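What follows is a short report on a single structure.
A quick note: this is a predicted structure, and the numbers were derived from the prediction, not measured. In listed order, ligands and their atoms are each counted from 1.
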Amino acid sequence: MPNNICLKVPKKLGEKTISLTHKLEIVNKNLHIKNQQNNLYIPLIRTPNEEELSQLKNITQEIAIIDTEDFTEKRSTPETLTDALKRQLQHNLHSNIPHSFDVIGDIAIIEIPPELTNYKNLIGQVILKTHKNIKSVHAKASAISGIYRIRDLTCIAGENRTKTIYNEYNCQYHIDVARAYFSPRLSQEHHRVATLVNPNEAVADLFAGVGPFAIPICKLCPTAQVYAIDINPDAVELLKINIKTNKVENQIHPLLGDARKLANDKLSGIADRVIMNLPETAIDFIDTACQTLKPSGGIIHFYGFTRKPDTIDDLKTHFTHLIEQQGRKITTFHCIKRVRETAPYEQQIVIDAQIH
Ligand SMILES: C[S@@+](CC[C@H](N)C(=O)[O-])C[C@H]1O[C@@H](n2cnc3c(N)ncnc32)[C@H](O)[C@@H]1O
């Protein structure tokens with residue numbers, strides 16, 4: 001083992017010193033601290049600067065920096081992205097290091113803060129190194145926008161491709177992260193809705209994407225029929241592939257086009273349940289959803305955003321008003337909850353409402 005720079009400190013002051021080295025972010029977390037005679041040897045990632053040294057000396061003047069001790073590596077826990085980047089970036093950049101990113105199949109998608117733009121390729125390489133299952137890393141290059149709800153991406157490391165295969169709750173999806181919307185952060189929500197569907201239901205998924213509601217519904221409920229609409233031709237192509245991959249050809253009817261037009265032309269009054277996952281503008285399609293439901297009623301799963309100062313109650317009131325404008329009534333709110341935070345002060349909300 002090579003020598004490493006470390007702090008030698010009397011054992012009785014070890015705990016205090018270790019805690020300070022963590023606070024100063026100078027401890028080498030990949031190496032085991034060594035305990036020898038009456039001293040601890042704390043491995044460091046770099047030599048402390050004068051200010052840090054003076055803080056350490058405040059604990060005890062006996063503290064010493066030496067570079068002749070061998071340490072054993074901690075092999076069991078792989079280094080995290082944050083730790084690996086802290087080793088490689090200047091201290092003043094540490095607070096900008098991203099702590100998480102989305103993983104879809106073998107593709108990682110990360111938001112690079114503006115302060116780290118010059119280090120985006122390094123960040124990509126570190127992700128590849130610390131996550132062996134990832135083969136391609138993309139940086140977000142725009143917000144999600146447009147009617148297809150997709151964003152620009154820039155490949156920053158690994159294979160320059162956007163297609164992958166993703167598994168979620170026993171379903172397999174062919175995804176193209178650049179051409180059709182998909183979010184692994186909705187995985188629980190897809191599953192939650194699928195578990196609510198009863199035998200023989202007709203479901204209209206007005207904004208179906210590549211099928212993450214439609215497919216689990218059919219897998220969990222083999223007598224359900226799902227009409228899955230999307231306006232993005234790439235999404236519908238992928239949906240068709242996913243229908244075959246998951247062997248639900250007899251249950252899902254993929255439809256390419258505008259939900260308002262298709263639902264009005266082909267699905268009027270047929271649905272026991274309508275799914276509306278287009279949070280930006282689903283509120284403009286309440287008339288379509290009501291027209292698609294059977295005259296006897298059914299359930300709407302409505303997704304919307306609340307942006308401060310608007311609250312969930314404001315959204316609920318607006319939703320109720322629009323349903324009533326269609327001559328329908330809400331008999332029960334089965335569920336109203338926050339699904340996830342989508343931006344600072346912006347939350348995605350779901351309303352499950354029983355409509356008559
Ligand atoms: C937020 S994504 C949700 C996709 C899918 N339900 C999911 O959970 O991954 C919304 C989808 O609605 C589609 N879309 C937008 N406007 C539409 C419209 N007027 N008619 C049908 N689909 C539309 C977009 O192409 C996009 O795939």
Side-chain angles (χ1 to χ4, degrees), residues 102-105 107 109 142-151 162 164-169 171-197 203-219 226-243 246 252-267 271 273-289 291-292 300-305 339-343 346-352:
D102 283 340
V103 177
I104 305 179
I107 295 180
I109 299 179
S142 75
I144 288 199
S145 66
I147 52 170
Y148 296 169
R149 310 309 297 152
I150 51 182
R151 68 164 92 244
T162 54
T164 189
I165 293 177
Y166 174 74
N167 294 302
E168 180 174 288
Y169 285 98
C171 302
Q172 191 172 78
Y173 299 98
H174 290 252
I175 307 278
D176 187 330
V177 292
R179 302 185 73 89
Y181 179 91
F182 185 81
S183 173
R185 296 185 198 194
L186 292 174
S187 144
Q188 276 188 1
E189 191 54 25
H190 298 145
H191 181 66
R192 184 188 72 85
V193 170
T195 59
L196 299 173
V197 175
V203 180
D205 187 354
L206 299 185
F207 314 107
V210 303
F213 284 104
I215 285 167
I217 286 174
C218 295
K219 287 203 113 175
V226 182
Y227 300 88
I229 303 177
D230 205 283
I231 202 165
N232 175 357
D234 290 314
V236 175
E237 271 320 298
L238 289 160
L239 168 64
K240 287 179 181 168
I241 294 170
N242 293 333
I243 290 171
N246 291 281
I252 302 187
H253 311 274
L255 298 163
L256 170 63
D258 173 41
R260 184 181 307 280
K261 181 158 180 15
L262 282 171
N264 288 353
D265 289 355
K266 302 191 177 191
L267 308 179
R273 189 179 295 271
V274 176
I275 302 169
M276 306 179 74
N277 183 21
L278 177 60
E280 197 67 44
T281 54
I283 200 84
D284 301 331
F285 290 81
I286 296 292
D287 53 344
T288 303
Q291 200 180 333
T292 307
I300 293 182
H301 301 278
F302 169 84
Y303 293 86
F305 288 132
V339 177
R340 60 180 178 146
E341 185 114 354
T342 35
E346 183 188 271
Q347 306 196 322
Q348 181 171 356
I349 308 296
V350 62
I351 299 179
D352 293 355

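Nearest protein heavy-atom neighbour of atom 20 (N) of ligand 1: Ala259 N, 2.8 Å. Counting only heavy atoms of the protein, atom 24 (C) of ligand 1 lies nearest to Ile147 O, 3.2 Å. The protein heavy atom nearest to atom 12 (O) of ligand 1 is Phe207 CB, 3.3 Å.
Under a cut-off of 6.0 angstrom, the local environment of CZ in Arg260 is crowded, with over 12 non-hydrogen atoms contributed by other residues, nucleotides or ligands. Sparse packing is recorded around CD of Gln188, with 12 or fewer heavy atoms of other residues, nucleotides or ligands lying under 6.0 Å away. More than 12 heavy atoms of other shown residues, nucleotides or ligands fall within 6.0 angstrom of atom NZ in Lys219.
The shortest N or O to N or O distance between Asn277 and ligand 1 is under 3.5 Å. Backbone and side-chain nitrogen or oxygen atoms of Asp230 are examined, and one is located within less than 3.5 angstrom of a nitrogen or oxygen of ligand 1.
In the vicinity of Asp258, heavy-atom distances shorter than 4.0 Å reach the ligand 1 atoms 18 (C), 19 (N), 20 (N). Heavy-atom contacts of Tyr148 reach the following atoms of ligand 1: 24 (C), 25 (O), 26 (C) (cutoff under 4.0 Å).
At a 4.0 Å heavy-atom cut-off, ligand 1 touches His190 through the side chain alone. When heavy-atom distances to ligand 1 are checked against a 4.0 Å cut-off, Ala208 comes that close only through its backbone atoms N, CA, C and O.
At a 4.0 Å cut-off, at least one heavy atom of Gly257 sits close enough to ligand 1 to count as contact. The closest approach between a heavy atom of Phe285 and any atom of ligand 1 is below 4.0 Å. For Leu206, the heavy-atom gap to ligand 1 drops under 4.0 angstrom.
Compare Ala214, Pro212, Ala282 by their heavy atoms: the one nearest to atom 9 (O) of ligand 1 is in Pro212. Considering Ile150, Leu239, Asn232, Ile231 only, the shortest heavy-atom separation from atom 23 (C) of ligand 1 involves Ile231.
The two residues Phe182 and Ile104 have their closest heavy-atom pair at O-CD1, 4.0 Å. Ala228 and Leu239 get closest at one heavy-atom pair: CB-CD2, 3.9 Å. The shortest non-hydrogen separation linking Val339 to Leu186 is CG1-CD2, 3.8 Å. For Cys171 against Asn246, the heavy-atom pair with the smallest separation is CA-OD1, 3.5 Å.
Looking at heavy atoms from C-beta onward, Leu278 lies out of side-chain contact with Leu206 at the 4.5 angstrom threshold.
Remark: aromatic rings of Phe285 and Phe207 are close, center separation under 6.0 Å.
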